[in-house]
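These notes are about the structure you will find just below.
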Amino acid sequence: MGLSSQIQEPARLEVENVTVAYNGHAVLCDVSFQVAHGARVAVVGPNGAGKSTLFKALVGLLPLREGRILIHGVPLGHHKDCVAYVPQREEVDWRFPVTVADVVMMGRYGRLGWLKRPAKQDRDIVLYALQQMGIADLTNRPISELSGGQQQRVFLARALAQEPHILLMDEPFTGIDITTREAIMSLLDRLRAQQVTVMISTHDLSLASTHFDQVLLLNRHLVGYGAAAEVLIPSLLTNVFGGQLLHLAEGAVIIDQCCPPDAGRMARP
């Protein structure tokens, strides 16, 4: 079967025995899992667990020391920009002198190539992505002048303009306003209807248990993967969070030095 026919298969994601290392030290160790086409998966783990490393490996930003990643049944590098990645906000240099429209158009570069000028279709797709995230009125604003929530929506619009089969979002709900949170939740529903596979990393156990098909517990190794009721249980959560986890009668709350506990971080397995 040729590559062109394989690309028409569902966007099944297969991670097989993947190990990723920095400076000789393994950050992800022998991780294996599969995500079905159109599924929603919450990746949960403490800071330093390898969540961001996993996402960067899934888009080819970090090399694998061992293992392989298959999408549409073929290895990374054989696809036309079908995986979109929204990094954490603190990883982005927001002082870069570009407008909102410039940033969102970057989502088209994988299809255009850097030397080709955008066509009307590309501009229409960018406008539609801006409208989907409710920021079409910000088109000509410098990205540096926006609020944190607006900047997050710009990067989500860039991902939409890419027309991905798989969308990865790294801590998208951190440090945003309620309007942006609602916009992201609405986006998740639209992407489900379009059969786009979505993976997000989050500390919010309540969100993971109520809005996602599966939960992937990660702490350098894969600790658990499956339905929330099977994975968000005291034994596995303690394995992942250790002393950062406080058990209460009504559920579990993450105690994280960077993020104070609140009711929105409660799991009810």
Side-chain angles (χ1 to χ4, degrees), residues 3-20 27-28 31-44 50-89 91-92 103-114 122 125-126 128-129 132-133 152-172 184 187-188 190-202 212-216 218 222 225:
L3 177 61
S4 60
S5 57
Q6 291 186 59
I7 291 298
Q8 301 307 313
E9 294 181 356
R12 184 179 69 257
L13 171 62
E14 301 169 82
V15 175
E16 300 179 354
N17 307 114
V18 162
T19 294
V20 180
V27 179
L28 285 180
V31 172
S32 297
F33 62 90
Q34 295 185 7
V35 179
H37 174 72
R40 291 206 314 214
V41 177
V43 180
V44 176
K51 302 186 299 294
S52 297
T53 297
L54 172 63
F55 284 1
K56 290 175 182 176
L58 291 175
V59 290
L61 293 177
L62 290 176
L64 307 184
R65 188 166 80 177
E66 297 177 8
R68 65 175 186 164
I69 297 170
L70 302 177
I71 300 172
H72 293 295
V74 295
L76 288 178
H78 292 80
H79 313 87
K80 183 180 286 188
D81 231 20
C82 76
V83 184
Y85 169 52
V86 180
Q88 294 186 33
R89 287 188 57 254
E91 294 188 12
V92 179
V103 173
V104 180
M105 184 59 75
M106 291 175 187
R108 303 299 301 163
Y109 288 169
R111 298 174 183 273
L112 283 172
W114 288 91
D122 300 299
I125 289 172
V126 165
Y128 182 70
Q132 288 286 290
M133 297 312 303
Q152 184 73 292
R153 280 187 274 168
V154 170
F155 265 65
L156 285 165
R158 183 186 71 165
L160 292 179
Q162 193 173 319
E163 297 181 301
H165 302 169
I166 299 172
L167 176 61
L168 312 175
M169 293 186 280
D170 197 355
E171 298 285 0
I184 294 174
L187 172 63
L188 291 178
R190 292 195 300 273
L191 293 176
R192 181 187 287 281
Q194 297 168 19
Q195 285 287 288
V196 175
T197 303
V198 173
M199 296 181 70
I200 75 158
S201 65
T202 181
F212 289 83
D213 304 317
Q214 294 177 304
V215 176
L216 190 153
L218 189 69
L222 181 66
Y225 182 49

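The structure presented is a predicted model; accordingly, all values stated were derived computationally and were not measured.
Side chains of Val41 and Phe33 form no contact here, defined as non-hydrogen atoms less than 4.5 Å apart. Using a 4.5 Å heavy-atom cutoff, the side chains of Leu167 and Met199 are not in contact. Put simply, the side chain of Asp213 reaches to within 4.5 Å of the side chain of Arg192, judged on heavy atoms.
Leu58 CG to Leu13 CG: the interatomic distance, rounded to the nearest 0.5 Å, is 5.5 Å. Taking CD1 from Ile166 and CG from Leu191, the interatomic distance works out to 12.5 Å, rounded to the nearest 0.5 Å. Between the CD1 atom in Ile184 and the CE atom in Met169 there is a gap of 6.5 Å [rounded to 0.5 Å]. A distance of 4.0 Å separates NE2 of His72 from SG of Cys82, quoted to the nearest 0.5 Å. Going from atom CG of Asn17 over to atom CZ of Arg68 covers 9.5 Å, rounded to the nearest 0.5 Å. Considering OG of Ser52 and CG of Leu168, their distance stands at 11.0 Å, rounded to 0.5 Å.
Of all heavy-atom pairs between Thr202 and Ala42, the closest is CG2-CB, 4.3 Å. Scanning both residues, Lys56 and Tyr85, for their nearest heavy atoms gives CE-OH, 3.6 Å. Taking every heavy atom of both residues into account, Ala159 and Pro164 meet most closely at O-CD, 3.1 Å. Scanning both residues, Gln162 and Val83, for their nearest heavy atoms gives NE2-O, 2.8 Å. The two residues Val43 and Lys51 have their closest heavy-atom pair at O-CD, 3.7 Å.
Taking Gln132 as the reference, Tyr128, Arg190 meet the side-chain hydrogen bond (donor to acceptor under 3.5 Å, both in side chains) condition, with sequence neighbours excluded. Among residues two or more places apart in sequence or in another chain, the ring-ring contact (aromatic ring centres under 6.0 Å, His included) test is passed with Phe155 by Trp94. With sequence neighbours left out, Gln214 forms a side-chain hydrogen bond (donor to acceptor under 3.5 Å, both in side chains) with Tyr225. For the side chain to side chain contact (heavy atoms under 4.5 Å, CB included) test, residues two or more places apart in sequence or in another chain that qualify with Ala129 are Val104, Ala157, Leu160, Ala161. In this structure Glu14 satisfies the side chain to side chain contact (heavy atoms under 4.5 Å, CB included) test together with Arg12, Glu16, Gln34, Leu70, sequence neighbours excluded. Residues forming a side chain to side chain contact (heavy atoms under 4.5 Å, CB included) with Val18 (at least two apart in sequence, or on another chain): Val15, Val20, Leu64, Ile69. Partners of Arg158 by side-chain hydrogen bond (donor to acceptor under 3.5 Å, both in side chains), not counting sequence neighbours: none found. Looking at residues two or more places apart in sequence or on another chain, you find no side-chain hydrogen bond (donor to acceptor under 3.5 Å, both in side chains) involving Arg65.
With Arg40 contributing its side chain and Leu188 its backbone, the two residues share a donor-acceptor pair below 3.5 Å.
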Derivation and outcome, side chain to side chain contact (heavy atoms under 4.5 Å, CB included), residues Leu187 and Met133: CA-CA 8 Å; Leu187 172 63; Met133 297 312 303; 4.0 Å; yes

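Applying the salt bridge (charged side-chain N to carboxylate O under 4.0 Å, His left out) definition to pairs two or more places apart or across chains, those involving residues 160-172 are Arg108-Glu163, Arg111-Glu163.
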